[in-house]
Amino acid sequence: MSDAVSNFQAFDGVPFPAARRGAAPDVTARSAASQIRTGIICNPKSHRNRSSVEATRPFVSGTVLAVTPRTQAELAAVLSDFAQHGIELLVIDGGDGTIRDVLTAAATVWTGAMPRVAIVPSGKTNALALDLGIPDHWTLDQALAAARDGASIVRRPVEVERAGTGQKLRGFLFGAGAFVEATGLAQRAHRAGAFKGFAVGVALSWAIVQTLFGRASGMWRAGNRMHVRYDSAADAGRVADTDTHRYILLASTLTRMPLGVQPFGAARDGLKTLLVDAPPRWLAAAAPLIVAGSPAKWLDRAGYHRIDTPALDVTMEAGFILDGEVYPGGALTIRQAAPISFVVP
């Protein structure tokens, strides 16, 4: 989607610096790299990625290719080159935004099954890595060794398709309504030095405070008008097809969220949504229960709807968030994408 601001548009072609004296990959990892055709995508602008870019250099060989794309066009070309080389493992060295960009571009290259994907979490937010059980300190060496050992977890990204254009995005956390403003606060917290789940916690806490003490007609409480239509297979009840103001809409295929919050309830696979009426009722009582994943039945009656679905259609003028990036609104279909096998420890 051309209106989106991509992490890769900020790349400036940072070259691989000279390897540090004495720095060498683990022998196990070197052996794994020689056995698996691997393509590595690095985002050197990611929060902790300078050393990661350098760390790829000892692995580059006839079986390992490492690239730092500077633009979306370069990313697409790199992934096409990887596909032509028949890579068996795609390593993404970056945070959630980098993963979103790579998986979005990869979907146009691998129309069938993708190669396995390994994540080296080096961004400001690493929600997917957390969900997969990948430790924050996981290195390229460890990822390559784990790929050789074969442990993996399957996840299906969230796919957002814009009606009439065929344009698709792939990520893991979609949000609209108050979540857009909350993410803006989280990004300001990032610039202030709050990384990982802490920034998300700060943003959501501030959104709740603004909502609790704001006027019913205020920005936070009034919400955005959304026409939301759930797939017929979903048990959506009275909100199966509605056109009204909503406080927030979240959709994700993650099973674990940062800081242990559980807006979708108990951990489970599949596409899960949280749709909240605007203005939100009894928020002071409901917010702690929503965050804790409480199954209290009165939450749905009060306008806090948790619904699992194969897909849903959303039409709105306001923008939405996918893995930290703001995109323009419109007529959208949100569904589960094809499954991807992720390497895990």
Side-chain angles (χ1 to χ4, degrees), residues 7-8 11 14-69 75 78-79 82 87-103 106 114-155 172 190 193 195-198 254 256 258 323 340-345:
N7 288 339
F8 287 104
F11 280 19
V14 177
F16 291 123
R20 289 170 297 183
R21 182 172 299 176
D26 178 84
V27 173
T28 303
R30 188 189 294 275
S31 172
S34 68
Q35 297 172 19
I36 304 172
R37 290 191 299 275
T38 301
I40 305 172
I41 297 287
C42 295
N43 181 352
K45 295 287 185 161
S46 284
H47 173 51
R48 294 181 288 112
N49 221 14
R50 293 291 175 174
S51 61
S52 295
V53 172
E54 180 178 339
T56 64
R57 192 169 185 235
F59 293 101
V60 176
S61 66
T63 55
V64 179
L65 306 170
V67 187
T68 59
L75 173 61
V78 164
L79 291 172
F82 283 176
I87 67 165
E88 302 163 286
L89 176 69
L90 175 62
V91 178
I92 306 174
D93 195 341
D96 290 331
T98 306
I99 295 168
R100 177 202 60 235
D101 283 351
V102 173
L103 294 185
M114 278 187 58
R116 286 186 298 159
V117 176
I119 305 299
V120 178
S122 56
K124 292 179 179 179
T125 57
N126 302 293
L128 176 59
L130 172 69
D131 183 50
L132 296 172
I134 295 172
D136 185 55
H137 54 75
W138 216 34
T139 64
L140 177 61
D141 297 39
Q142 293 168 316
L144 291 172
R148 185 203 60 180
D149 294 339
S152 63
I153 292 178
V154 173
R155 287 285 183 270
F172 285 90
H190 286 171
F195 299 108
K196 309 183 188 94
F198 294 105
L254 297 176
R256 291 194 298 168
D323 290 349
I340 298 173
S341 181
F342 291 91
V343 174
V344 295

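Please read these numbers as outputs of a predicted model, since none were measured by experiment. This chain uses plain numbering: 1 for the first residue, then up along the sequence. Because only heavy atoms are used, hydrogens play no part in the values below, and waters and symmetry mates are left out as well, while side chains stay in.
Separation of atoms SG (Cys42) and CG (Leu140) is listed at 7.5 Å; rounding is to 0.5 Å. For the atom pair Ile87 CD1 and Arg37 CZ, the distance stands at 9.5 Å (nearest 0.5 Å). Taken to the nearest 0.5 Å, the CG atom of Leu65 stands 8.5 Å off from the CD1 atom of Ile40. Atom CG of Leu79 and atom CD1 of Ile41 lie 5.0 Å apart (nearest 0.5 Å). Rounded to the nearest 0.5 Å, atoms CG (Asp93) and OG1 (Thr98) are 8.5 Å apart. The distance from atom CD1 of Ile92 to atom CZ of Phe342, rounded to the nearest 0.5 Å, is 7.0 Å.
In this structure, the side chain of Arg116 does not engage the main chain of Val343 through any donor-acceptor pair within 3.5 Å. The main-chain N or O of Asp323 is found under 3.5 Å from a side-chain atom of Arg100 such that the two form a donor-acceptor pair.
For the side chain to side chain contact (heavy atoms under 4.5 Å, CB included) with Ile340, the qualifying choice from Val117, Ile153, Leu90 is Val117, the only one to do so.
The two residues Ala129 and Ile119 come nearest to each other via the heavy atoms CB-CG2, 4.4 Å. In terms of heavy-atom proximity, Ala147 sits nearest to Leu89 at CB-CD2, 3.6 Å. Of all non-hydrogen atoms in Arg256 and Leu132, the two that sit nearest each other are NH2-C, 4.4 Å. Counting all heavy atoms, side chain and backbone alike, Ala151 lies closest to Pro345 at CB-O, 4.2 Å. The two atoms that bring Pro258 and Leu130 nearest to each other are CA-CD2, 3.4 Å, heavy atoms only. Nearest heavy-atom pair across His137 and Gln142 is O-OE1, 3.8 Å.
Looking at Asn43 and Thr68, their side chains never come closer than 4.5 Å, going by heavy atoms from C-beta outward. Inter-residue side-chain proximity for Val67 and Phe82 is flagged as met; some heavy-atom pair is nearer than 4.5 Å.
Residues satisfying the side-chain contact (heavy atoms from CB on, under 4.5 Å) test with Leu254, not counting sequence neighbours, are Ala127, Leu128, Asp131, Phe172, Ser252, Met257.
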Q | Criterion side chain to side chain contact (heavy atoms under 4.5 Å, CB included) on Val120 and Thr139, from CA distance to verdict | A | CA-CA 6 Å; Val120 178; Thr139 64; 5.8 Å; no
